[in-house]
Amino acid sequence: MDKPLSLLILWLQLDWVSSKQQVEQSPEALSVREGDSLALNCSYTDSAIYSLQWFRQDPGKGLASLLLIQSNQREQISGRMKASLDESSRHSALHIAASQPGDSATYLCAVG
């Protein structure tokens with residue numbers, strides 16, 4: 001029986017480039033069925049970035065790095081997760097395939 005998963009997405013801005021940098025994530029919260037794929041989006045305002053990093057945070061724990069994309073890369077893959085970076089549109093997406101109950105967490109992106 002498929003159980004719905006709740007993924008809570010919040011945003012975090014770690015800005016090493018410019019005080020003008022703004023980072024927005026969407027959706028703010030997401031509920032999916034076990035086994036479904038999903039995408040989390042991250043947009044930023046400053047075109048001069050060196051890298052973009054995706055993190056997850058489990059309740060009561062610190063940040064855990066998932067994927068780091070350098071500005072000269074288009075994507076990074078680790079297991080069921082793929083992060084893409086499109087500098088021209090100042091956008092990144094974190095794709096999670098075949099979601100599992102253990103994927104329930106807070107996901108964050110940071111621009112450096």
Original post:
Counting N and O atoms only, with roles assigned by atom type, does the side chain of Ser43 sit under 3.5 Å from a partner on the main chain of Glu24, one being a donor and the other an acceptor?
Top reply: no

Original post:
Of the non-hydrogen atoms in Ser84 and Ser92, which two are nearest, and what is the gap between them?
Top reply: O-OG, 2.6 Å

Original post:
So, for Ser37 and Ala97, which heavy atoms are closest and what is the spacing to 0.1 Å?
Top reply: OG-CA, 3.5 Å

Original post:
In Å and rounded to the nearest 0.5 Å, what is the CG to CG distance from Leu67 to Leu85?
Top reply: 12.0 Å

Original post:
Under a 4.5 Å cut-off applied to non-hydrogen side-chain atoms, are Cys109 and Tyr44 in contact?
Top reply: no

Subject >> Exercise: identify the closest heavy-atom pair between Asp58 and Ser104 >> reply: OD1-O, 3.8 Å

Which pairs would a plain distance check flag for residues 69-76, meaning a side-chain donor or acceptor within less than 3.5 Å of a matching protein atom at least two apart in sequence or in another chain?
| residue | atom | partner | partner atom | Å |
| --- | --- | --- | --- | --- |
| Gln73 | OE1 | Gln70 | N | 2.8 |
| Gln73 | OE1 | Gln76 | NE2 | 3.3 |

Original post:
Could you walk me through whether Ser65 and Trp54 pass the side-chain hydrogen bond (donor to acceptor under 3.5 Å, both in side chains) check?
Top reply: CA-CA 6 Å; Ser65 177; Trp54 282 95; over 6 Å; no

Subject >> Contacts of type side chain to side chain donor-acceptor pair (under 3.5 Å), residue His95, not counting sequence neighbours >> reply: none

Original post:
Are the side chains of Asn41 and Gln25 in touch, meaning some heavy atoms are under 4.5 Å apart?
Top reply: no

Subject >> Distance in Å, Tyr50 OH paired with Leu68 CG, rounded so as to fall on 0.5 Å steps >> reply: 14.5 Å

**OP:** Examine Met81 and Leu52 and state if one hydrophobic cluster contains both, with Ile, Leu, Val, Met, Phe, Trp and Tyr joined whenever side-chain heavy atoms are less than 4.5 Å apart.
**Re:** yes

**OP:** For the pair Arg80 and Asp103, find out whether any cationic side-chain nitrogen is under 4.0 Å from an anionic carboxylate oxygen.
**Re:** yes

**OP:** Say whether, by atom type as modelled, one donor and one acceptor occur between the side chain of Arg90 and the main chain of Thr45 under 3.5 angstrom.
**Re:** yes

Subject >> Closest heavy-atom pair and its distance - Ala105, Gln57 >> reply: CB-O, 3.6 Å

Subject >> Ile96: which of Val32, Asp36, Leu66, Leu38 passes side-chain contact (heavy atoms from CB on, under 4.5 Å) >> reply: Leu38

Subject >> Stepwise side-chain contact (heavy atoms from CB on, under 4.5 Å) check, Glu87 with Ile49 >> reply: CA-CA 9 Å; Glu87 281 194 280; Ile49 68 164; 3.9 Å; yes

**OP:** Go through the structure and list residues passing side-chain contact (heavy atoms from CB on, under 4.5 Å) with Ser88, not counting sequence neighbours.
**Re:** Asp86

**OP:** Could you please spell out the steps behind the side-chain contact (heavy atoms from CB on, under 4.5 Å) verdict for Val111 and Asp46?
**Re:** CA-CA 9 Å; Val111 174; Asp46 193 338; over 6 Å; no

Subject >> Within one Ile-Leu-Val-Met-Phe-Trp-Tyr cluster: Leu94 and Leu30, side-chain cutoff 4.5 Å >> reply: yes

